[in-house]
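Heavy-atom basis, side chains included; hydrogens, waters and symmetry copies ignored.
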Amino acid sequence: MKVVIIGGVAGGATAAARLRRLDESAEIVILERSGYVSYANCGLPYYAGGVIKDKSALTLKTPEDFYERFRVDVRVKNEVTAINPEKKTVTVRRLEDMSEYEESYDKLILSPGAKAVQLPLPGADSEKIMTLRTVEDVFRIREYLEENNPETAIVIGGGFIGLEAAENLMHYGVSTTLFQNSPHVMPNLDYDIASQVNSYLRSKGLDLRLNKSVNGFKEADEKITVKVENSESVTADLVIMAVGVVPETHLAENVGLKLGIRKAIVVNEHMETSVPDIYAVGDAVQIKNFVTGEDALISLAGPANKQGRIAADNICGIRSEYTGGQGSSVIKLFDMTVASTGINEKVASDLGLEYDKAVTYSASHATYYPGATDMTIKTIFVPSTGKILGAQIVGFEGVDKRIDVMAAAIRGGMTSTDLEELELSYAPPFSSAKDPVNMVGYVIENLRSGLVKHHHWHDVEKLIGDDSVILLDTRTVGEYRRGRIPGSVNIPLDSLRERLGELDKSKKIYVNCFSGLRSYIACRILTQNGFDCSNLSGGFRYYEYIAGDKAYDEEPTHPCGIKIEK
């Protein structure tokens with residue numbers, strides 16, 4: 001059996017190694033257009049910024065390594081230009097001399113990946129505009145930094161690559177501006193939790209400009225100017241374009257394979273395409289969202305590796321299946337960690353799903369042990385069953401551990417009751433006896449059982465000035481004086497029992513504290529004394545992040561109108 005693989009990065013390289021482990025007699029050929037295979041795509045920004053200093057560290061396997069270990073024939077700088085499924089051949093161009101040849105196959109695996117989006121804007125062909133997708137891209141950026149010592153840079157796009165590029169440019173000492181054409185960075189997050197990321201990035205010195213659409217470029221005097229719709233232009237020494245990727249599927253389109261979202265290749269659960277003996281894996285394929293069952297594109301290394309293995313299994317007679325992706329991801333932004341898994345609130349709302357959300361605030365480990373930091377966890381769940389649909393976490397330590405537990409919970413179909421019962425490892429340097437994941441379960445079960453009702457940041461605006469309700473702040477007097485929801489009254493939690501007579505039982509009471517814990521306790525006191533009350537999910541500090549970054553705006557406001565009174 002002869003297997004030809006087009007593309008030798010995550011999915012293709014994994015498929016080749018798995019094929020060899022399953023079939024020692026198979027002839028395996030990898031055809032890779034670039035000069036590198038099996039490279040650490042996710043590590044590229046860190047080489048650009050000098051965090052990874054040795055370029056050889058980016059290449060996990062060389063063609064020679066592949067041959068020595070697996071007897072796989074890896075041909076770099078060999079570009080497939082056509083597929084002939086009737087003849088079972090591919091046409092290959094040697095990029096070093098542009099000569100062509102045909103290669104036959106019994107089974108073909110397409111792993112072409114995705115390519116960086118190029119905005120069709122005036123001036124976009126400038127050599128000062130670079131992308132960060134391949135090894136060649138990062139070498140070009142690093143060479144430019146070393147030879148030109150730029151003082152300023154502009155990054156366009158606030159997704160994974162854009163943010164990692166911005167961080168690493170700043171690490172290199174380059175003053176950086178980032179444009180994003182939406183209200184927040186990290187499109188996989190919801191706006192509310194992403195506000196905390198926006199605030200942090202600004203505090204680290206990133207010139208973050210949101211809701212800005214770039215409409216052109218102009219190069220002059222060794223500089224490049226980015227023109228921005230309805231805003232002032234910005235000039236810098238270089239631009240990194242990171243507005244996303246699209247499946248690179250022109251070969252599949254030309255041969256007539258069935259295509260789906262954004263021309264991604266449609267495959268079944270065995271990674272088989274619509275043409276017999278042709279498989280496809282990685283960023284170029286359309287898959288199912290594990291949570292919703294909807295068609296999806298998920299451009300991540302983990303799913304690509306799994307798909308490569310599954311394609312190899314099926315070629316060798318093992319009928320394994322890919323059951324869908326849930327987009328589990330994590331990113332380092334300076335000292336902050338941002339992670340998500342499953343679906344966010346926007347997706348749940350857009351699909352009309354039954355859902356609710358809980359925002360919790362937990363320490364990374366026991367607070368009496370030095371060095372504990374806080375993390376915000378937003379969890380999307382089904383109120384009728386408690387089933388977990390998605391989670392987003394922002395913090396500094398322990399975020400990766402918790403998002404992996406939540407990812408496993410979603411994959412296992414777990415509910416909030418299951419989260420309560422999870423027995424997770426505990427020692428003071430690592431966690432608390434009630435792990436943050438357990439706390440998510442407790443909070444959701446309190447809501448589902450009726451022990452407490454809650455409201456959210458976006459509900460507050462219509463409550464301000466409403467004489468039929470009471471906005472109650474249960475923080476200390478000092479906390480209250482530093483900033484509060486307009487119109488709220490302050491009764492600290494520890495004096496609430498003695499001051500119940502100050503509250504009108506005919507009015508519903510909307511309670512807040514800093515994180516949501518003291519106000520939960522207040523709600524239990526109030527409820528058992530005949531009051532109707534609701535707890536502000538995430539607390540005042542969550543509301544305050546959304547209202548605006550204190551360090552960035554002295555009088556923070558939000559497009560929805562929420563504000564802080566001082």
Keeping [X] on the side-chain end and [Y] on the backbone end, is there a donor-acceptor pair under 3.5 Å?
{"X": "Asn490", "Y": "Arg475", "answer": "yes"}
{"X": "Gln180", "Y": "Gly158", "answer": "yes"}
{"X": "Thr367", "Y": "Ala363", "answer": "no"}
{"X": "Ser488", "Y": "Ile485", "answer": "yes"}
{"X": "Glu445", "Y": "Ser416", "answer": "no"}
{"X": "Arg497", "Y": "Asp494", "answer": "no"}
{"X": "His270", "Y": "Glu321", "answer": "no"}
{"X": "His454", "Y": "Leu536", "answer": "no"}
{"X": "His365", "Y": "Ser431", "answer": "no"}
{"X": "Ser449", "Y": "Asn446", "answer": "yes"}

[atom1] of [X] to [atom2] of [Y]: how many Å apart, nearest 0.5 Å?
{"X": "Asn198", "Y": "Leu210", "atom1": "CG", "atom2": "CG", "result": "5.0 Å"}
{"X": "Tyr545", "Y": "Ser195", "atom1": "OH", "atom2": "OG", "result": "10.5 Å"}
{"X": "Ile410", "Y": "Phe381", "atom1": "CD1", "atom2": "CZ", "result": "13.5 Å"}
{"X": "Glu345", "Y": "Thr379", "atom1": "CD", "atom2": "OG1", "result": "12.0 Å"}
{"X": "Gln196", "Y": "Ile546", "atom1": "CD", "atom2": "CD1", "result": "9.5 Å"}
{"X": "Asn344", "Y": "Met186", "atom1": "CG", "atom2": "CE", "result": "11.0 Å"}

side-chain contact (heavy atoms from CB on, under 4.5 Å) between Ile377 and Val437, worked out: CA-CA 9 Å; Ile377 306 178; Val437 173; 5.7 Å; no
Using side-chain heavy atoms (C-beta onward) and a distance below 4.5 Å, is [X] in contact with [Y]?
{"X": "Lys115", "Y": "Val245", "answer": "no"}
{"X": "Thr176", "Y": "Asp207", "answer": "no"}
{"X": "Ile240", "Y": "Ile154", "answer": "no"}
{"X": "Ile310", "Y": "Asn314", "answer": "yes"}
{"X": "Leu526", "Y": "Leu500", "answer": "yes"}
{"X": "Val197", "Y": "Val394", "answer": "yes"}
{"X": "Leu201", "Y": "Leu163", "answer": "yes"}
{"X": "Asn512", "Y": "Thr474", "answer": "no"}

Locate the shortest heavy-atom distance separating [X] from [Y]; write the atom from each residue and the value.
{"X": "Leu178", "Y": "Gly157", "answer": "CD1-O, 3.6 Å"}
{"X": "Gln286", "Y": "Leu297", "answer": "CA-CD2, 4.0 Å"}
{"X": "Gly325", "Y": "Arg411", "answer": "CA-NH2, 4.2 Å"}
{"X": "Cys533", "Y": "Lys453", "answer": "O-CE, 3.6 Å"}
{"X": "Val511", "Y": "Cys523", "answer": "CG2-SG, 3.9 Å"}
{"X": "Ser364", "Y": "Glu397", "answer": "CB-O, 3.2 Å"}

More than 12 foreign heavy atoms under 6.0 Å from [atom1] of [X]: is that the case here?
{"X": "Phe430", "atom1": "CZ", "result": "no"}
{"X": "Lys332", "atom1": "NZ", "result": "yes"}
{"X": "Lys387", "atom1": "NZ", "result": "no"}
{"X": "Glu423", "atom1": "CD", "result": "no"}
{"X": "Tyr369", "atom1": "OH", "result": "no"}

side-chain hydrogen bond (donor to acceptor under 3.5 Å, both in side chains) between Asp192 and His184, worked out: CA-CA 9 Å; Asp192 50 357; His184 64 88; over 6 Å; no
Taking 4.0 angstrom as the limit, do [X] and [Y] come out as a salt bridge?
{"X": "Arg133", "Y": "Asp283", "value": "yes"}
{"X": "Lys204", "Y": "Glu167", "value": "no"}
{"X": "Asp404", "Y": "Arg402", "value": "no"}
{"X": "Glu269", "Y": "Lys288", "value": "no"}
{"X": "Glu272", "Y": "Arg319", "value": "yes"}

Polar contact flag, side-chain donor to acceptor under 3.5 angstrom, [X]-[Y]:
{"X": "Glu420", "Y": "Asn438", "value": "no"}
{"X": "Tyr426", "Y": "Asp435", "value": "no"}
{"X": "Ser534", "Y": "His455", "value": "yes"}
{"X": "Asn305", "Y": "Thr14", "value": "yes"}
{"X": "Tyr46", "Y": "Asn168", "value": "no"}
{"X": "Arg448", "Y": "Thr417", "value": "no"}
{"X": "Ser340", "Y": "Asn188", "value": "yes"}
{"X": "Ser519", "Y": "Asn535", "value": "yes"}

Intermediate values then yes/no, side-chain hydrogen bond (donor to acceptor under 3.5 Å, both in side chains), Thr476 and Glu479: CA-CA 5 Å; Thr476 65; Glu479 289 176 287; 3.1 Å; yes
Worked verdict on Tyr200 versus Phe396 for ring-ring contact (aromatic ring centres under 6.0 Å, His included): CA-CA 11 Å; Tyr200 177 75; Phe396 296 90; 5.5 Å; yes
Stacked cation flag Lys212 on Phe179, 6.0 angstrom / 45 deg: no
Cation-aromatic face contact Arg484/Phe540, 6.0 Å, 45 degrees: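 Not satisfied by the 6.0 Å and 45° rule.
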Contacts of type salt bridge (charged side-chain N to carboxylate O under 4.0 Å, His left out), residue Lys346, not counting sequence neighbours: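 Expected list: Asp350.
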ring-ring contact (aromatic ring centres under 6.0 Å, His included) between Phe514 and Tyr361, intermediate numbers included: CA-CA 10 Å; Phe514 176 72; Tyr361 192 57; 5.8 Å; yes
